[in-house]
Amino acid sequence: MKPQPLRGFRDYLPEDMLAKERMLDTVRAVFESHGYPPVATPALEYAELLLGKYGDEGEMLMYRFRDNGDRDVAMRYDLTVPLARLVATHGGLPMPFRRYQIAPVWRAEKPAKGRFREFVQCDVDLVGVDDASADAEMLLIGQDVLRSLGVASVRQRVNHRGVLRAITRVLGLAEGEEEGDFLRLLDKLDKIGAEKFRAAFAERFPAAGDAGAQRVLEIAGGEAPPRETLARLEGMIGQDPDGAAAIERLRGTLDRVEAGGSLDLIEVDPSIARGLSYYTGIIYETFLGDLPEYGSVMSGGRYDGLVGMFAGRDLPAVGISLGVDRLFAALLELGSLEVRRTPSEVLVVQFSEEGSVDAFRLAAALRSAGISVLVHPQAAKLKKQFQAANALGIPFTAVVGRDEAARGTLQLKEMGSGEQVEVDVAEAVRRIRAGVEGEGR
RNA sequence: GUGGGUGUAGCUCAGUUGGCUAGAGCGCCAGAUUGUGGUUCUGGAGGCCGAGGGUUCGAGCCCCUCCACUCACCCCA
């Protein structure tokens with residue numbers, strides 16, 4: 001058979017992983033700056049534990065099989081349900097409980113642009129608090145992460161399940177199937193446009209009719225400033241108790257986001273629905289302004305019932321999930337990631353077979369100064385060794401020849417400019433550090 | 001999962017109405033008198049033409065099946 005990975009799975013070569021790991025370093029730093037520590041959970045869980053949490057769609061897409069002990073197991077589908085299980089398993093955790101987790105999840109979907117069957121999620125969740133402050137905290141962490149990654153243009157689209165419930169009720173639609181169909185149609189509004197929405201709505205919900213469609217279109221203007229959208233929403237669903245509560249909560253959330261971050265990135269968009277069935281309150285999705293076709297790169301919401309399903313007591317929770325692989329693929333396409341093939345800053349040339357020990361001595365000295373050093377793997381023609389440095393994109397080369405060994409010096413060459421100086425180790429360290437910083441790393 | 005498109009060298013692609021040993025550019029390897037790279041020049045390696053079957057005297061070109069990639073729908077990070 002052809003040596004290739006499974007459909008929807010991918011290899012990451014060194015230049016990919018260097019960039020991706022640097023991304024993750026940033027993500028970790030931001031999460032921890034907000035007071036969140038990491039956890040890890042197993043890739044496999046009992047299938048029973050995951051079933052019934054994602055809706056029918058989700059269950060179809062789960063990797064599920066019998067293990068060697070004939071246990072019914074499944075690969076984790078997200079990091080949220082394992083978190084709920086973790087909280088229940090370790091009953092004595094102090095509340096509120098905060099954690100982040102960066103790990104792969106598996107979904108047997110049909111692969112597409114920016115969509116894989118194995119992908120890394122970065123989740124931040126806060127368990128035990130039902131408050132606008134917690135909701136706002138998630139949006140703020142999300143803004144912070146993307147800003148730190150250098151993503152300039154983003155749209156955070158925010159909605160609330162209570163808003164959706166109220167709209168459904170105001171339109172006089174039945175709960176269950178009718179509601180589900182409506183939410184699916186509503187979710188597509190952005191894509192299909194107002195006219196098609198109107199037609200599809202009238203056809204599916206003749207009782208609500210064209211007037212119903214019109215009412216939806218009046219409040220679904222996601223492009224407007226968030227507080228304006230909220231005010232219009234209030235006009236439609238303010239009389240509904242769930243609707244009023246949701247609007248109140250969103251107002252409180254927006255106040256805090258404005259104070260702690262940027263309200264400009266936020267759109268209140270009553271048309272986003274989110275597929276996962278466990279959400280109960282605020283929900284959000286984040287799109288790149290320059291590459292919306294990649295879909296949501298960061299999303300999440302409040303899920304107050306989920307932890308209780310495992311823990312036996314109600315624990316509210318809210319979280320956000322960053323899709324690293326999708327974001328990574330998008331940033332690659334935007335060319336906003338620096339591509340390097342090696343972590344090394346300097347290549348030490350092996351001048352000759354006898355001079356080999358000088359190269360190793362120099363490499364050790366440079367490394368002890370915290371510099372990433374590659375020693376050419378054999379004494380070869382100097383030309384070959386310099387070419388090797390270029391091929392790997394290493395910015396400096398260092399040569400200790402017979403003369404330099406006698407003088408206790410080395411030839412340090414900056415490959416970009418071709419400038420070469422004879423210096424001692426301490427000076428070489430200084431110059432390499434300065435050169436590397438000069439490149440803006 | 002449903003429909004459309006595409007699979008020729010590591011990469012991007014040519015390949016005439018089916019017709020001898022399948023091409024280019026880039027990349028890769030080796031040289032151009034032996035303490036210095038990027039440019040240039042010379043030479044070289046590398047393709048069961050996605051896989052399997054069929055039609056034909058003859059298939060990279062036509063037909064069928066499968067696999068992979070891709071676009072739309074669906075859903076989603």
Side-chain angles (χ1 to χ4, degrees), chain A residues 1-10 13 27 54-61 76-80 102-123 142 145-146 180-181 183-185 187-188 191-192 272-277 279 283-288 293-301 319-330 347 349-352 355 376 379-405 410-422:
Chain A
M1 69 180 288
K2 249 198 304 197
Q4 61 178 9
L6 281 170
R7 182 170 166 75
F9 291 69
R10 350 193 284 150
L13 294 173
V27 170
Y54 304 110
D56 296 340
E57 287 279 350
E59 273 172 37
M60 306 264 298
L61 301 174
R76 63 176 165 235
Y77 185 82
D78 68 1
L79 301 178
T80 308
I102 300 178
V105 303
W106 294 270
R107 297 181 189 177
E109 294 185 271
K110 182 160 179 173
K113 192 184 191 76
R115 178 200 259 164
F116 314 103
R117 287 183 168 172
E118 175 182 63
F119 59 96
V120 172
Q121 286 196 323
C122 299
D123 275 35
V145 165
L146 291 176
D181 286 353
L183 293 183
R184 257 186 296 282
L185 180 61
D187 198 46
K188 276 194 280 191
K191 196 176 286 178
I192 63 176
I272 73 160
R274 306 264 316 130
L276 298 179
S277 58
Y279 290 112
I283 48 184
Y284 29 75
E285 300 186 336
T286 308
F287 293 81
L288 300 178
E293 68 268 27
Y294 270 83
S296 175
V297 295
M298 188 168 64
S299 68
I320 196 160
S321 178
L322 176 73
V324 196
D325 293 275
R326 175 174 288 183
L327 182 59
F328 180 70
L347 179 133
V349 167
Q350 291 209 42
F351 183 75
S352 64
H376 194 272
K381 287 187 177 173
L382 292 185
K383 171 177 175 150
K384 282 208 64 169
Q385 304 197 48
F386 280 93
Q387 282 178 340
N390 285 332
L392 288 169
I394 301 175
F396 289 93
T397 52
V399 183
V400 181
R402 215 175 298 103
D403 302 341
E404 290 81 12
L410 61 108
Q411 297 287 346
L412 181 70
K413 183 164 189 164
E414 206 273 294
M415 298 303 280
S417 63
E419 183 191 339
Q420 178 169 315
V421 288
E422 181 168 355

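Naming convention: chains lettered A, B, ... in sequence-line order (proteins, then strands); numbering from 1 in each chain.
- If you take NE2 of A:H376 and P of B:G35, they are 17 Å apart, rounded to a whole angstrom.
- Looking at heavy-atom distances under 4.0 Å, A:E118 makes no contact with the nucleic acid at all.
- OP1 or OP2 of B:A77 sits under 4.0 Å from a side-chain N or O of A:S299.
- Within the nucleic acid shown, A:K413 comes within 4.0 Å of at least one base atom, counting heavy atoms only.
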Which dot-bracket notation, 5' to 3', represents the base pairing of RNA chain B when pairs are defined as Watson-Crick or G-U with both distances under 3.5 Å, crossing pairs as [ ], and inter-strand pairs as |? (((((((..((((.....[...)))).(((((.......))))).....(((((..]....))))))))))))....

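- In this structure, A:Y294 reaches neither bases nor backbone, as no heavy-atom distance under 4.0 Å exists between it and the strands shown.
- Ion pairing between A:D187 and A:R184 fails under the 4.0 Å rule for side-chain N and carboxylate O.
- Taking the P atoms as reference points, B:U36 lies 22 Å from B:C41, given to the whole Å.
- Less than 4.0 Å separates RNA chain B from at least one heavy atom of each of the following residues of residues 384-391 of chain A: A:K384, A:F386, A:Q387, A:N390.
- At whole-Å resolution of the value, OH in A:Y54 and P in B:C74 are 24 Å apart.
- Among the heavy atoms of the strands, none lies under 4.0 Å from A:G355.
- Here the P atom of nucleotide B:C67 and the CZ atom of A:R7 are 9 Å apart, to the nearest Å.
- Distances shorter than 4.0 Å separate none of the side-chain N or O atoms of A:K381 from OP1 or OP2 on B:A30.
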Side-chain donor-acceptor contacts of residues 385-398 of chain A below 3.5 Å, not counting sequence neighbours, with atom names and distances?
| residue | atom | partner | partner atom | Å |
| --- | --- | --- | --- | --- |
| A:Q385 | OE1 | A:Q350 | N | 2.8 |
| A:Q385 | NE2 | A:Q350 | O | 2.8 |
| A:Q385 | NE2 | A:A380 | O | 2.9 |

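- Counting to the nearest Å, the P atom of B:A77 and the CG atom of A:L61 are 11 Å from each other.
- The same atom, P, is picked in B:G15 and in B:A24; the two are 15 Å apart, to the nearest Å.
- In this structure, A:E422 atom CD and B:U36 atom P are separated by 15 Å, rounded to whole Å.
- Using a 4.0 Å heavy-atom criterion, one finds that A:D325 contacts no nucleic acid atom at all.
- Distances shorter than 4.0 Å separate some side-chain N or O of A:K188 from OP1 or OP2 on B:C74.
- Note on A:M298: only backbone sugar-phosphate atoms sit closer than 4.0 angstrom, heavy atoms only; bases stay farther off.
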